[in-house]
Visitor: 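Pasting in a structure now, in structure tokens, and then I'll have a few things to ask.
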Amino acid sequence: MTDAKEDESLTLTDTLSSWMRDAFRTAYPDAPTDFEEVVVVETANPEFGDYQCNAAMGLARHLKLAPRVIADHIAAHTDLPPFMARIEVAGPGFLNLYLDDAWLAGQIETLAAGERMGAPAAGGGKTVVMDYGSPNMTKPLHIGHLRSHNIGSVLDRMHRFLGYHVIADNHLGDWGTQFGVTIMGYRNFGDAAAMKSSPLEELERVYVLSYEQTKKDSDWMDRCRQELVKLQSGDPENTEMWEMFMRLSLEELDRIYARLGVHYDEIRGESYYRDKLAGTVARLEEAGLAVQSEGATVVFLEEEKLPVCIVRKSDGGFNYATSDLATVASRVEEHHPDRIIYITDERQQLHFKQFFAICRRLGYEVGLDHVWFGLMRLPEATFSTREGNVIKLDALLDEAESRAQAIIAESSPEMPEAERKRVAAAVGIGAVKYADLSQNPQSLVTFTWDKALALDGNSGPYLQYAYARIASVRDKYSERFPDGSPETEPLRLLEPIERTLALRLIRFGDVVVRAAHQYKPNVLTDYLYDLAQTYSSFYQNVPFLKAPEGIRESRVRLCGIVAAVLKQGLDLLGIDTPARI
RNA sequence: ACCCCGGUAGCUCAGUUGGAUAGAGCAUCGGAUUUCUAAUCCGACGGUCACAGGUUCGAGCCCUGUCCGGGGUGCCA
């Protein structure tokens, strides 16, 4: 029998599944199936055990036996490994599995001592390039840009945590059509002082003015295109202007990235690949993939039942697909990744299907995933720069911090000003991030201030509060029992809620793996909220410091392990955990 | 016209290979603080899982059709 700690790349459900699979194979050696479908899952209801296996029902047909007969046989004839207390059969053939209490307590004791809180080294050193954020360099970030950065950086952190070698790359939109419009705008309406103080706002302002001109003046767009062609062919004046735009925009991005806690290993915009675009098209032509059609160079994707993909426009310009193809070539050559993961909004699904299809035809073996998320919209409408109904990301974060600050001022008036500001930033920004991450990424998000800034209920601050209470409990313990050492006392799971808490803690590894591999941060937020709720109930209903010696230490120790898992989970979400809030 | 998503409690949303009685927050109502932080806890109320068929031991989840909403569909990204 496998010991649950033997293989570092397995989660607990992997181990349980493997054990159950062996049990089925032993019981039915001549069965016409390899039992690969036998898996163990967490139970939703404690009434049905800690984990359950539902395979007997599904296998009934293959084995030509009643499901209940199969389940009874497995339960009666399977040796129990050290981690298992008992198996029960229920209903039509459910196998309800109960973990051994002593084993469970032992696992929890060692959980916090390990590097990963029981999570496996699932990455095994595989290299993954993660492409997220990718802002347009001519506009300030608005609330709609939160998701790619937020979801992307959480998936990034989770993959690193699981032992993947991650290269996070910010593929800036710094070379597209918008620059012709922006250069024309800046030449005609630019304000050098405003450009210094808030560059992205100024770039956006001149972009909007210039864009409006295209409607009034039919030559305007042609002149914009000419400016772009000049830039792309190396005209010194336009290049200098572009470099200034980039320098100032990057400074502003750095500022907001620091605020959000987003970090990249590489920042390579589309411009980085500009000299490789012609060669990319040539390569497609040599491979017989790209052909001339209606004056443009295109790739037909009829086999994949996808629409045609344009790789070079009839005016000679290149577009997004070409840039992405050049980028993938560069990444493969330089990093040899096992997988490249792109995180963008849902509107780009077709683009990525086309782009991935071309990559397959070119023979790339690297795994390619497009993680798309639903657009953010306002209750009344979608927002757009042109409509003028955008909410700047900075403004959202400012509001979040000031709401948090108001509550702290009320609840902790004695807190020093500097700490109050730090905590307000942690709580406010944590609230904004959590509100976004706790939804299924693929859901369309309707933005409301109250939802984005929720400070109670299922919210980031609820988790931070649970963490801070534990820090406080442990401080009080040290004050009152300076000679005590909870970490060396055995963990005793006496009250039902304590065992429930232990069962939550031991799920952490499975949860992180599921969240990372399904690209769903909300799997982790759901878990952490459940953990914090279970802890809060424990906190409210069970005495720690007033408990008898021994039990007291066990409970304080359990608190510490909950705190460690909460902190690790919140770290993965990019949310800070102040010791006091 | 075609393609991709979505429709779950008054509101906002979860729902892990199809699994046992569909969950949470907010809102509403009732309770808990001489105590380890009440940003909390305990309880109540609240459902034709858009609609109609189908598949099977079992469907919110899979298949078909319809309605409604969002997005996309050769020279934006």
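For the numbers below, each heavy atom of this structure counts, side chains included, while hydrogens, waters and symmetry mates do not. No experiment lies behind these values; they were computed from the predicted model shown. A note on names: the letters A, B, ... follow the listed sequences, proteins ahead of strands, and every chain is numbered from 1.
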Visitor: As a test of reading the structure: which of B:A77, B:C13, B:C75 is closest to the side chain of A:Ser443, going by heavy atoms?
Guide: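 The closest nucleotide is B:C13.
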
Visitor: What is the distance, rounded to the nearest whole Å, between atom CE of A:Met221 and atom P of B:C75?
Guide: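 These atoms are roughly 14 Å apart.
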
Visitor: Can you figure out which of B:A20, B:C57, B:G71 approaches the side chain of A:Arg347 most closely?
Guide: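 Closest nucleotide among those given: B:G71.
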
Visitor: Could you check whether A:Gln52 gets within reach of a base, just the sugar-phosphate, or nothing at all, counting any heavy atom under 4.0 Å?
Guide: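 Result for A:Gln52 = base.
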
Visitor: With distance as the sole criterion, is a donor-acceptor pair present between the side chains of A:Asp510 and A:Thr13 under 3.5 Å?
Guide: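 Their side chains do contain a donor-acceptor pair, which is all the 3.5 Å distance test asks for.
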
Visitor: Main chain of A:Phe373, side chain of A:Arg147: is a donor-acceptor contact present, judged purely on distance under 3.5 Å?
Guide: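 It does not hold such a pair.
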
Visitor: Within the structure, does a side-chain N or O atom of A:Ser537 lie under 4.0 Å from either OP1 or OP2 of B:U40?
Guide: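 The answer is no; no side-chain N or O of A:Ser537 sits under 4.0 Å from OP1 or OP2.
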
Visitor: Report the residues that fulfil side chain to side chain contact (heavy atoms under 4.5 Å, CB included) with A:Leu444, sequence neighbours left out, ordered by chain and then residue number.
Guide: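 Here the qualifying residues are A:Arg377, A:Thr446.
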
Visitor: Starting at the 5' end of RNA chain B, write a dot or bracket for each base, bracketing those in Watson-Crick or G-U wobble pairs whose two distances are under 3.5 Å and using | for partners on another strand.
Guide: (((((((..((((.....[...)))).(((((.......))))).....(((((..]....))))))))))))....

Visitor: Using the C1' atom on both, measure B:A24 against B:C45 and round to a whole Å.
Guide: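 Each nucleotide's C1' atom is 15 Å from the other's.
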
Visitor: When you get a sec, tell me which of B:U56, B:A77, B:A20 is the closest nucleotide to the side chain of A:Tyr320?
Guide: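 Taking heavy atoms from C-beta onward, the closest nucleotide is B:A77.
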
Visitor: Residues in side chain to side chain donor-acceptor pair (under 3.5 Å) with A:His145, at least two apart?
Guide: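 For A:His145 there are no side chain to side chain donor-acceptor pair (under 3.5 Å) partners, ignoring immediate neighbours.
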
Visitor: B:C41 base to A:Ser536 side chain: any donor-acceptor pair below 3.5 Å?
Guide: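 It does not, because no donor-acceptor pair links the side chain of A:Ser536 to the base of B:C41 below 3.5 Å.
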
Visitor: With nearest nucleotide decided by heavy atoms, which residue, A:Arg312 or A:Gly91, maps closer to the 5′ end of RNA chain B?
Guide: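 The answer here is A:Gly91.
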
Visitor: Is A:Arg504 positioned over the aromatic face of A:Tyr527, cation under 6.0 angstrom from the ring centre and no more than 45 degrees off axis?
Guide: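 No, A:Arg504 does not lie over the aromatic ring of A:Tyr527.
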
Visitor: Is it the case that A:Thr344 and A:Trp372 place a side-chain donor and acceptor less than 3.5 Å from each other?
Guide: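 Short answer, no.
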
Visitor: Using a 4.0 Å heavy-atom cut-off, does A:Ala466 contact any base of the nucleic acid, only the sugar-phosphate backbone, or nothing at all?
Guide: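 Touches nothing.
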
Visitor: Looking at the side chain of A:Leu350, which of B:G72, B:C57, B:U17 is the nearest nucleotide?
Guide: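 Looking only at heavy atoms from C-beta outward on A:Leu350, the closest nucleotide is B:G72.
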
Visitor: Listed by chain and number, what are the salt bridge (Lys or Arg N to Asp or Glu O under 4.0 Å) partners of A:Glu399, not counting sequence neighbours?
Guide: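 Checked A:Glu399 against salt bridge (Lys or Arg N to Asp or Glu O under 4.0 Å); matches are A:Arg403.
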
Visitor: Can you confirm whether the side chains of A:His351 and A:Asp324 place a donor and an acceptor under 3.5 Å from each other?
Guide: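 Note: A:His351 and A:Asp324 side chains meet the donor-acceptor criterion.
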
Visitor: I'd like a table of atom pairs between the protein and nucleotides 2-8 of chain B - only N or O on both sides, under 3.5 Å - with the distance next to each one.
Guide:
from : atom 1 : to       : atom 2 : distance (Å)
B:C4 : O2'    : A:Gln349 : OE1    : 3.0

Visitor: Answer yes or no: side-chain N or O of A:Asp345 and base N or O of B:A77 forming a donor-acceptor pair under 3.5 Å.
Guide: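 There is none.
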
Visitor: Look at the side chain of A:Asp526 and decide which nucleotide, out of B:G72, B:A14, B:C75, has an atom nearest to it.
Guide: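 Nearest listed nucleotide: B:A14.
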
Visitor: Which nucleotide sits closest to the side chain of A:Val39: B:C41, B:U17, B:G71?
Guide: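 So the nucleotide nearest the side chain must be B:U17.
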
Visitor: Is there aromatic stacking of A:Tyr529 against B:A24, centre distance under 5.5 Å, plane angle under 30°?
Guide: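 No, A:Tyr529 does not stack on the base of B:A24.
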
Visitor: For B:G15, does OP1 or OP2 lie under 4.0 Å from any side-chain N or O of A:Asn522?
Guide: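 True: A:Asn522 side-chain N/O within range (under 4.0 Å) of B:G15 OP1/OP2.
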
Visitor: Starting at the 5' end of RNA chain B and moving along, which residue's nearest nucleotide shows up first, A:Asn96 or A:Thr446?
Guide: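 That would be A:Thr446.
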
Visitor: Mark yes or no: A:Lys139 above the aromatic ring of A:Tyr207, with NZ or CZ under 6.0 Å from the six-membered ring centre and no more than 45 degrees from the axis.
Guide: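 Yes, A:Lys139 and A:Tyr207 form such a contact.
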
Visitor: Side chains of A:Glu204 and A:Thr138: any donor to acceptor distance under 3.5 Å?
Guide: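 Result is no, nothing qualifies.
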
Visitor: Indicate, with a heavy-atom threshold strictly under 4.0 Å, whether A:Lys520 touches base, sugar-phosphate, or nothing.
Guide: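 Contact class for A:Lys520: sugar-phosphate only.
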
Visitor: Nearest-Å distance, CG (A:Leu444) to P (B:C13)?
Guide: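 Distance check: A:Leu444 CG to B:C13 P gives 8 Å.
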
Visitor: So if I define the base as every atom that isn't primed, P, OP1 or OP2, how would nucleotides 29-39 of chain B read as a B/S/- string at a heavy-atom cutoff under 4.0 Å?
Guide: ------SBBSB

Visitor: Does the side chain of A:Asn440 get closer than 4.0 angstrom to OP1 or OP2 of B:G15 through an N or O atom?
Guide: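 Checking B:G15 against A:Asn440, a side-chain N or O does come within under 4.0 Å of OP1 or OP2.
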
Visitor: Determine the contact category for A:Ser314: base if any of its heavy atoms lies under 4.0 Å from a base atom, sugar-phosphate if only primed atoms, P, OP1 or OP2 are that close, otherwise nothing.
Guide: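 Touches a base.
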
Visitor: According to a strict under-4.0 Å criterion, is A:Ser293 in side-chain N/O contact with OP1 or OP2 of B:G74?
Guide: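 Checking B:G74 against A:Ser293, no side-chain N or O comes under 4.0 Å of OP1 or OP2.
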
Visitor: Between B:A24, B:G74, B:G15, which nucleotide has the shortest distance from any of its atoms to the side chain of A:Ile310?
Guide: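 Comparing B:A24, B:G74, B:G15 against the side chain of A:Ile310, the answer is B:G74.
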
Visitor: Just checking, A:Arg552 and A:Phe481: is the charged tip under 6.0 Å from the six-membered ring centre and within 45° of the axis?
Guide: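 Checked: cation-pi criterion met.
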
Visitor: Would you say A:Tyr342 and A:Gln348 are linked by a side-chain donor-acceptor pair, where the criterion is simply a distance under 3.5 Å?
Guide: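 No, no side-chain donor-acceptor pair sits under 3.5 Å.
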
Visitor: Applying a 4.0 Å non-hydrogen cut-off, can you work out what A:Glu270 is touching in the nucleic acid: base, sugar-phosphate, or nothing?
Guide: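 Since only primed, P, OP1 and OP2 atoms lie under 4.0 Å of A:Glu270, the category is sugar-phosphate.
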
Visitor: Could you work out which one of B:G19, B:U73, B:G74 sits closest to the side chain of A:Pro307?
Guide: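 So the side chain of A:Pro307 is nearest to B:U73.
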
Visitor: Establish, yes or no, whether the cationic atom of A:Arg274 lies under 6.0 Å from the six-membered ring centre of A:Trp242 and within 45° of the ring axis.
Guide: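 Relative to the ring axis of A:Trp242, which defines the angle, A:Arg274 lies inside both limits.
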
Visitor: Assess the side chains of A:Thr280 and A:Tyr273: does a donor N or O sit below 3.5 Å from an acceptor N or O?
Guide: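 No, A:Tyr273 and A:Thr280 have no side-chain donor paired with an acceptor closer than 3.5 Å.
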
